[in-house]
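The shown structure was predicted, so the numbers you read here are calculated from the model rather than taken from an experiment. We name chains A, B, ... by the order of the sequence lines, and we start the count at 1 in each one.
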Protein chains: 2
Amino acid sequence: MKRQPPNARERALIEAKANVLKALGHPTRLWMAEQLADGERCVCELAEFIDADFSTISKHLAVLKQAGVVEDEKRGKQVYYRLKVPCIVQYLPCVEAVIETSIRERAALLG
Amino acid sequence: MKRQPPNARERALIEAKANVLKALGHPTRLWMAEQLADGERCVCELAEFIDADFSTISKHLAVLKQAGVVEDEKRGKQVYYRLKVPCIVQYLPCVEAVIETSIRERAALLG
DNA sequence: TTAAAGAGTGGTTATTTTACCAAATAACAT
DNA sequence: ATGTTATTTGGTAAAATAACCACTCTTTAA
């Protein structure tokens with residue numbers, strides 16, 4: 001069976017998937033997603049541990065939301081964020097495996 | 001138990017993980033990774049289906065390699081790429097679930 | 001009703017990313 | 001030796017990203 005170039009439909013799906021991965025591909029946003037694996041958090045709780053302007057944090061959350069990774073809910077003065085599809089963080093062990101492999105290889109090079 | 005801000009070690013790990021996700025967070029690179037899930041491919045086989053300059057393709061592969069996602073091997077005139085940690089593509093069903101959720105919600109909005 | 005706290009927006013700037021072209025390198029065939 | 005194919009590298013321009021500041025909006029508290 002010969003391989004095919006991706007058609008328009010497939011290309012759209014790939015783009016959407018890449019967009020999700022890209023959203024998680026920033027240290028601050030990945031950290032946020034990991035925090036949310038333990039349950040919802042308001043912006044102020046997340047901000048407590050992030051050394052960045054509040055507006056920056058807000059924009060990172062907007063990126064995660066736009067990608068469909070999180071959803072938000074306003075309760076009183078606070079806005080709570082939570083993961084929409086929790087499996088998204090269950091992947092991370094494999095991502096870590098990638099890193100461990102790289103580290104092991106570098107160590108092997110050093111003897 | 002009170003949550004803690006990430007220390008230097010944790011921050012380095014998060015950065016490394018984010019870097020892997022970022023590498024996969026581009027349509028062309030994600031497509032390449034998916035192709036490699038079926039086994040190694042040389043650059044020319046991948047290029048066959050990608051509408052971009054050869055140099056562009058080469059640079060995308062370099063990004064994946066630098067992130068530790070793929071490794072390469074030169075055999076004759078060709079360079080073959082393969083996944084280093086195959087589980088990296090097993091995640092994608094969850095990524096798709098994120099997208100499906102978004103689509104379903106949008107559909108629900110339309111009634 | 002006024003002030004303060006939590007969060008988001010708009011604007012700006014520096015940095016990064018991506019794509020293309022041209023040129024270089026490596027291996028093979030003639 | 002020379003050309004040809006496969007791939008990478010360097011340069012550059014355009015576009016996207018990420019950070020900060022100043023400001024706005026909303027909700028609660030005084």
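Contacts of A:Tyr81 with the nucleic acid, taken as non-hydrogen atoms under 4.0 Å apart, involve only primed sugar atoms and P, OP1 or OP2.
Between B:Leu24 and B:Leu64 the shortest side-chain heavy-atom distance falls below 4.5 Å. For the pair A:His26/B:Lys22, no side-chain contact is recorded, criterion being any heavy-atom separation below 4.5 Å from C-beta on. The side-chain heavy atoms of A:Val85 and B:Val95, taken from C-beta on, include no pair separated by under 4.5 Å.
As rounded to whole Å, 10 Å separates atom P of D:dA19 from atom CD1 of A:Ile50. Atom CD in B:Glu40 sits about 12 Å away from atom P in D:dT7, given to the nearest Å.
First and last contacts of DNA chain C with chain A, using any nucleotide atom under 4.0 Å from a protein heavy atom and ordered 5' to 3', fall at C:dA5 to C:dG11.
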Heavy atoms under 4.0 Å is the rule here; annotate nucleotides 22-28 of chain D 5' to 3' with B where the base is hit, S where only the sugar-phosphate is, and - elsewhere. B---SBS

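The two atoms that bring B:Cys44 and B:Gln78 nearest to each other are SG-CG, 4.1 Å, heavy atoms only. Residues B:Val89 and B:Ala37 share a closest heavy-atom pair of CG2-CB, 3.6 Å. The minimum heavy-atom distance between A:Lys17 and B:Leu92, with the atom names listed, is CD-O, 4.5 Å. B:Ile50 approaches B:Leu46 most closely through the heavy-atom pair CG1-O, 3.4 Å. When all heavy atoms of B:Ile14 and A:Pro27 are compared, the closest pair comes out as CG2-O, 3.5 Å.
For residues 13-28 of chain B, proximity to DNA chain C is found at B:Lys22, B:His26, defined as any non-hydrogen atom under 4.0 angstrom from a strand atom. For DNA chain C, the neighbouring residues in residues 56-67 of chain B, judged by any heavy atom under 4.0 Å, are B:Thr56, B:Lys59, B:His60.
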N/O donor to acceptor pairs below 3.5 angstrom from side-chain atoms of residues 101-111 of chain B, sequence neighbours left out:
from: B:Thr101; atom 1: OG1; to: B:Ala97; atom 2: O; distance (Å): 2.8
from: B:Ser102; atom 1: OG; to: B:Val98; atom 2: O; distance (Å): 3.2
from: B:Glu105; atom 1: OE1; to: A:Lys84; atom 2: NZ; distance (Å): 2.7
from: B:Glu105; atom 1: OE2; to: A:Lys84; atom 2: NZ; distance (Å): 3.1

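One N or O on the side chain of B:Tyr91 and one on the backbone of A:Ile88 form a donor-acceptor pair closer than 3.5 Å.
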Please determine whether side-chain contact (heavy atoms from CB on, under 4.5 Å) holds for the pair B:Arg82 and B:Leu36, giving the CA-CA distance in whole Å, both sets of side-chain angles, and the decisive distance to 0.1 Å. CA-CA 6 Å; B:Arg82 55 179 165 265; B:Leu36 298 182; 5.6 Å; no

Run the side-chain contact (heavy atoms from CB on, under 4.5 Å) test on A:Val20 and A:Val69 for me, step by step, so that the C-alpha distance in whole Å, both residues' side-chain angles and the decisive distance to 0.1 Å come before the verdict. CA-CA 7 Å; A:Val20 171; A:Val69 175; 4.0 Å; yes

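Applying the ring-ring contact (aromatic ring centres under 6.0 Å, His included) rule to A:Tyr80 yields no partners; only residues at least two apart in sequence or on another chain are considered.
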